Amino acid sequence: MFPFSFEWIWDMSHMVFHGGLWYALSIIGLGMTYCILKSVVDTVQGKGGDGHH
Amino acid sequence: MNIARRSFLAFLIGGAAGTALSPLPWKLTDDLSIWTQTWPWTPVPPDGEYSYVNSVCTLCPGGCGITVRKVDNRAVKIEGMAGHPVNDGGICILGASGLQLLYGPRRVKAPMRRVGERGEGKWETISWDEAIAAAAEKLEGIRSAGNPQGVACMVGDRYGTVPSLFERFMTAYGSPNFMSDAAIEDSYRITLNLMHGKNAIPGFDAGNADFVVSFGSGVIEGWGSPVRMFLAHGKWKDENKTLVQVEPRLSNTAAKADKWVAVQPGTEAVLALSMAYVIIKENLYDKSFVAENAAAFEDWRDDEGKTYPGFKTFVLNGFSPADASKVTGVDPSLIVSLARSFAGAEKPLALCGRGKGNTPGSLHEFMAVHALNGLVGAINRPGGVWAIDVPDYVTWPKPGLDEAARAGLEKPRVDGADGGAYPYTESIISGFADGVNSGSAGYGVEALLVSGANPLYTLRDAQAVRKAFDSIGFVVSFSSYMDETAAQADLILPNHTYLERRQDVPAPFGLNMPVIGMSRPVVPPQFDTRQVGDSLMGIARKMGGSVGDAFGWESYEACLKETMGAAWETLEKDGILVKADYAPEGWGEAFNTPSKKFQFFTGAYRHGENKDLMSQMKIEGEAADFPLILIPYDSMRLASGPVADTPFMAKTIEEDVLIHDDVYVQVNPATAASLNLREGKVAELTTPVGKARVRVHLSEGIGEGVIALPTGLGHWANSKYIAGKGVNVNRLMSPVADPVSGLDAAWGIRAKLARA
Amino acid sequence: MKKAQEHTAPKKYGMVIDLDKCTGCGACMAACMAENNVPFREDETDKNLSITWLRVYKLTNGKKFPNADVCYLPRPCMHCEGHHGHSPCVSVCPATATDYSYDTGIVSQIYTRCFGCRYCMAACPYHVRYFNWWDPVWPEGMEKMLSPNVSVRTRGVVEKCSFCFHRYQIAMEKVRYEGRAELAEDEYQTACTQACPANAITFGDLNNHDHAVYKLKTHPDAFRLLERLGTNPKVYYISSREWVRRQGDNYLENEGKVVAKAH
Amino acid sequence: MDTALIPEGRKRCPLWQFVLFIAVVGAVLLWGVYAMILCWLKGLNQTNMNNAYGFALWIWADLAVIALGGGAFFSGFLKYIIGKDELKNLINYAVIIGFICYSSALLILAIDIGQPLRGWFIFWHANVHSMLTEVAFCLSCYFAVLTIEFIPLILENRQIDKVRFFHNLSHNMHHIMAVFAATGAFLSFFHQGSLGGVAGVLFARPFGFREGVLIWPWTFFLFTWSAAACGPCFTILITKITEKVTRKKLVKDNVIELLAKISGWMLLTYIVAKIIDTWYWAVVTAPEAGFTMMDFYSNNPLYGLWILFLEIVLGGIVPALILITPAGRKNKATLLLATVLAVIGVCVNRWVMVLQVLAVPVMPFESWFMYAPSWQEVATTILPLAYGAILIAIAHRYLPIFPQEPELNPVEQQAG
């Protein structure tokens, strides 16, 4: 899973496979980080809340 | 309200996030995975210094050399000893798993005295002094009450120092009732006695034979010295030699043979004689041997002028292939071609003794088969049968006898092996139970010593044997393991196992050279056990008097050393003493019969003119009540002697032999159909002496009307890995005394099978 | 699947088993169990639950009495090479717990790596892979016979025949210590080969012209199990009986006699 | 009592009915949990699996629930990528069903492996050549996506929504949901396929093995296709069952019919491909390995040609034809029949590709391996059903899952 575990080989199949994996993980991670951070900012700015929708 | 709840929520979320980001969960995950790799309840074998010890395996009469791998003081693996004259590096399944006996759960760990009912399994551990005193006191009591003959003794092997010590004990004590486990070796010994005039055991130069006809011998199922026979079999394959198997069932040997002759069970001798018919009729026999070195081939006349038919007349009057075919079920043309091939071979060899050879068998059959060897001159020559002198290195002076001993030894034997009926037989272990139960000897048996044997399991008609045991007041077992006999004993004086003791191992059965092996302590005794020789000497010395005097040695080891004399050093060093340049006696010197010639059996009996020479051995039961014939079969994967299967062996029992606790009986599909039985169905198997629950296995390897059960199952004592599985076929069979030898010659029993 | 790292020529260890000689005695099985600390249980009659790295199968010719015939077929791990080390089991293991060695041709199994998904068992048509359904338990005292050369497996992992790889390692240590370049044929033999009382098993380097297996594998009666599937196994069998050779693989009804294949 | 939690403008059954339902289903769940704990503590000897049957009921259940959970990714794909906006009325439920299916699949896997405590080795020591590695990676990632898709739904609960941060979070997540849905669809295409590859790559198992392109056997594509076809059928089926149980109409017919129509065409194209695949396998692939097709369907007590008929004709052609016909999908009864058949069809396909693969004897001297699951296996397989029922009940009661529900079931004033 990581380049430091000993099965890791820099060959095409590893790069494609793990490339796909880390790409998906990045989207999920970045997306969620964005949502949470934006919500914190929104909340601090006083948006949303009780009965405001 | 909201403030408190929010702080709580924040605390929870923050706590969870903090924990997740700390190294703790990762460390725990890692630790858990490491923990799963070495669960504390999974043993980690300690490493240490490696060493190898050579010794001899005594688990069967095969006498293989073994090399035991040790790590520090633990034996971790048994391998065949490379270069050993018997097995040259090979090993059998029992030998390979021998450490499971050494370290096994059913070891008797110290001397024990029964405290509950017999067989109840309640014991108290006692000291060796107490144990020896208890045995000595009891035996002394019987002796001083004037019934020394009422003590019997059963040993496993016949030769070597330990059996000889028991024999000596019995003699000094004053009992004629010394018995050893019987096997085909005993029948062969009598055969050689009658036909060669020698007190000899047979050696088979099997590896050098080129056309082998086996009359039911399990050449690759444990017959003879098993590994040696495997090697011979491999050599036949390499060199394109021929093996013909005459047997009613498709045994492994039959399957591996070049030709399987499916004969009617119990008619093997007839087939052998019919082959002789063809050989004689077609003049194919070894004329120089028969003319110069054989007697009673032609009709002969005794000193008083009475004429007897010779072998030729006997055979030609009744054993034509056409006649034999009716009895044996073998096609006449096959008999003819078989006889021609046999006689035409350069080094033909005929073998007999069924399966592993645990049952002595019919002496007629042995002599008929041996006559075939005689006809082609396969005697004392390469590829043939060699008569090897019985081991004679135990040359102790006779023990001094007191009055009580002399009187006791005069008494008749319980097993019936007395000069009158069976002059050639030393002991008939299969006749013991009957003798005890009928009281035919005229006195009661009060005590029994058992060493190296497991009669309650191995003897046929187990109910009768059990009855006899129940009537004997005092049973002493010297077994290393809690086997069936030990479990029914009153006192156990456990022997070291073969991997813990030093002991001579004479003459592997069937080896065509005189060899003595020496087993030695591979590991120190694991428990509070004692070499049986020392236990016996201890009892004798405790008894004192002439019995004690008969054992002047300081210890068993001293006795062994003295007995071996000059050979001791070699045996200590190599573990084996081989007479490398051994050659069999030439035909001129080989025979010690009155005629100094090979005697065809028509001339061999000195007492038996009135006996029906070729009557077939009848088995127990009537066809009307028991329409089927049950035959036992042997397998290398099932130890059927005194020692039971090890857990490793139990793992290898085939799926068509055992399922959970049920044994499969092999039945021809046609037979099964007629009984309305299908594959895997539970059925009740009944014989004149017992009944058992079995499952049906359809097999095309067995003929109609015949069914087969494996030997070696149905243990009830022993470890949970083998006990309670299947049926002991000896419980369903009944011994049949051979008319000449008195030994058990039953090759089967009549039976019936019905849906359960 | 790592490439050869050593400078010596890559070896391809394999076996030739002469079914004409095999007696079905089971000594190989017991020797294997003793060598490799194989556990045992009270009831071993269900062969689908019983761990026997080397299993001896019983083949029948299906004919009627007295023309019936049986033949025993010992089946260790075939150490399939597949195409370039693409053996059926190695490629499917998700955790790299089993590997094909290009140095020796041996398919290894790392017990501490295996997490018991059993995909390799599904992949293997020879059933050489065994799962530890139970904790291994030795009766008190019997753990003394366990060999330190082979680790004891825990519950929940897959195990299989390793061609006694620890023997190879021990032999190689000696070779390196003595500064030799190559391992002699008799220095590395599996426990089953050594034990076989019928001398039916021959073991060695299938690439090495001097080893007995090199010649034996080209015997006209030699065949391998399920060759058509492309597993490229390294265990060869020899049988003079055609019905036995025919049971070594699957054939359609109209397919002809079994003939020796090019190796 | 719990009215404060119930979404506004929606009618729910009395609390006691709800609690009773949870209690009854919860008892079944506990039975499953007990079996699961047995398997973890005592090991897999609690099952009837053996060395010939290393994959059994659980792996089938795993493959089946993943196929059925395919409704989530495919509806998401249709809504967010293709732009079928009507599906917004069903997508919430599809996500929840998907979430249940995938969490169940992961749970089953955690029971199924011999060493659950080192299950993570599949990531750490990943062998990229193994289909199972691909399955594990995509499955876990996709489960994360499903969780992300599920979270905003939870946040819409009346009480949670009052928390300003959660309200914002829900809003923001909705905002970029298309990105997650696209990622989810990408991941799903792969893991559905690699599940198909699990049996398809077993080149030494002639029943399962299929040829293909690059590293993927045809089963890779067939599995993705069949999951996309049958997953929505399962979503429709569960929606219909939910409507039946709650005695309310929750989704408008046009939404259902749209999904049914797409499913129908997917199923039809799939089944054509499946027939071609089966035919090629029967006349080319299997005979090359020395097998006739009938070798796989005879000489055993269970597997016969009927199973092929059930899978392809009854579970494929028939529902496909019903669903592509407007009359077929408009008729309540035939629609229901078609979805049930499609679900059965895909489940049979997964069964065959797992269990029959192992049942077939490969060495000529072997016979068929038959297997029946132990109660522990059955209990742990039923566990997800109970868990799913409970989760659906809770979600339906407290979350505004069906946007069209208030419109279809106007609440009378006095109940508000």
Side-chain angles (χ1 to χ4, degrees), chain B residues 36-37 39 41-48 71 74-80 87 89-93 96-97 99-100 103-105 220 226-227 230-231 233-234 237 250 252 255-256 260 262 526 636-637 647-656 658-660 668 700-703 719-721, chain C residues 18 20-21 23-27 29-31 33-35 37-38 40-47 50-52 56 58 60 62-72 111-112 135-136 138-148 151-156 191 194-200:
Chain B
T36 65
Q37 291 166 4
W39 274 331
W41 57 87
T42 308
V44 179
D47 212 343
V71 177
R74 299 189 295 126
V76 300
K77 176 97 189 287
I78 300 178
E79 286 161 2
N87 57 317
I91 192 158
C92 80
I93 185 167
S97 54
L99 293 179
Q100 294 194 313
Y103 295 125
I220 54 165
V227 174
F230 287 136
L231 290 170
H233 173 262
K237 295 288 175 194
L250 180 67
N252 288 355
K256 276 282 158 294
W260 167 36
Q526 302 292 303
M636 279 307 289
R637 300 191 200 172
F648 280 160
M649 289 172 80
K651 261 178 99 98
T652 70
I653 298 173
E654 289 158 273
E655 58 269 39
D656 59 0
L658 191 70
I659 181 69
H660 303 303
N668 183 286
E700 290 290 358
I702 196 156
S719 77
K720 61 180 180 179
Y721 301 99
Chain C
D18 188 334
D20 291 338
K21 286 187 187 171
T23 66
C25 74
M29 298 167 86
M33 293 173 199
E35 180 77 21
N37 299 336
V38 173
F40 45 87
R41 297 190 315 114
E42 198 174 324
D43 184 351
E44 293 270 4
T45 57
D46 184 343
K47 298 304 170 191
S50 176
I51 302 179
T52 43
V56 179
K58 189 185 200 169
T60 52
K63 291 193 179 167
K64 291 207 175 301
F65 181 89
N67 297 312
D69 198 4
V70 301
C71 180
Y72 287 91
Y111 313 121
T112 50
D135 268 312
W138 283 266
E140 198 197 333
M142 219 191 268
E143 73 285 343
K144 280 188 189 166
M145 67 178 284
L146 293 176
S147 158
S151 50
V152 172
R153 283 75 64 188
T154 54
R155 188 183 82 202
Q194 181 191 32
C196 178
N199 283 337

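These figures come from a predicted structure and were not determined experimentally.
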Hey, does C:Pro148 have a side-chain heavy atom less than 4.5 Å from the side chain of B:Arg74?
-> yes
Please examine the side chains of B:Pro647 and C:Met142, heavy atoms only from C-beta on, and report whether any two atoms are closer than 4.5 Å.
-> yes
Validation row: B:Gln100, C:Met145 side chains within 4.5 angstrom (heavy atoms) = yes
Can you tell which part of C:Glu35 gets under 4.5 Å to a heavy atom of chain B, answering side chain, backbone, both or neither?
-> both
Okay, B:Pro46 and chain C: the region with an atom under 4.5 Å from a heavy atom over there is backbone
Note: C:Ala191 and B:Lys77 closest approach over all heavy atoms is CB-NZ, 3.7 Å
Side chain to side chain, C:Thr52 and B:Thr652, heavy atoms closer than 4.5 Å = no
Does a side-chain heavy-atom distance below 4.5 Å link B:Leu231 with C:Asn199?
-> yes
Kindly determine whether B:Thr36 and C:Thr154 satisfy side-chain contact (heavy atoms from CB on, under 4.5 Å), including the steps that lead there.
-> CA-CA 8 Å; B:Thr36 65; C:Thr154 54; over 6 Å; no
C:Arg155 versus chain B, heavy atoms under 4.5 Å apart: side chain, backbone, both or neither?
-> both
Heavy-atom distance under 4.5 Å to chain C: side chain of B:Ile702, backbone, both or neither?
-> backbone
Pairwise distance OH(B:Tyr721) to CD(C:Glu44) - rounded to 0.5 angstrom | 9.5 Å
Any salt bridge between B:Asp656 and C:Lys58, counting N to O under 4.0 Å?
-> yes
Can you tell if the side chain of B:His233 reaches within under 4.5 Å of the side chain of C:Thr23, non-hydrogen atoms only?
-> yes
Can you tell which part of B:Leu250 gets under 4.5 Å to a heavy atom of chain C, answering side chain, backbone, both or neither?
-> side chain
Nearest-0.5 Å distance, CG of residue C:Asp43 to CD1 of residue B:Ile659 = 7.0 Å
Does any heavy atom of chain B fall under 4.5 Å from the side chain of C:Lys144, the backbone, both, or neither of them?
-> both
Side chain from CB out, backbone as N, CA, C, O: work out which of these in B:Thr42 comes under 4.5 Å of a heavy atom of chain C, or both, or neither.
-> side chain
Cut-off 4.5 Å, heavy atoms of chain C, and the answer for B:Val227 is both
Please name the pair of heavy atoms, one in B:Pro45 and one in C:Asn37, separated by the smallest distance, quoted to 0.1 Å.
-> CG-ND2, 4.2 Å
Is chain B contacted by the side chain of C:Asp20, its backbone, both, or neither, given a heavy-atom distance below 4.5 Å?
-> both
Where does C:Met33 contact chain B at under 4.5 Å (heavy atoms): side chain, backbone, both or neither?
-> both
Reported CZ-to-NZ distance for the pair C:Arg41 and B:Lys651, which is rounded to 0.5 angstrom = 8.5 Å
Taken in chain and number order and not counting sequence neighbours, the residues that satisfy salt bridge (Lys or Arg N to Asp or Glu O under 4.0 Å) with C:Lys64 are B:Glu700
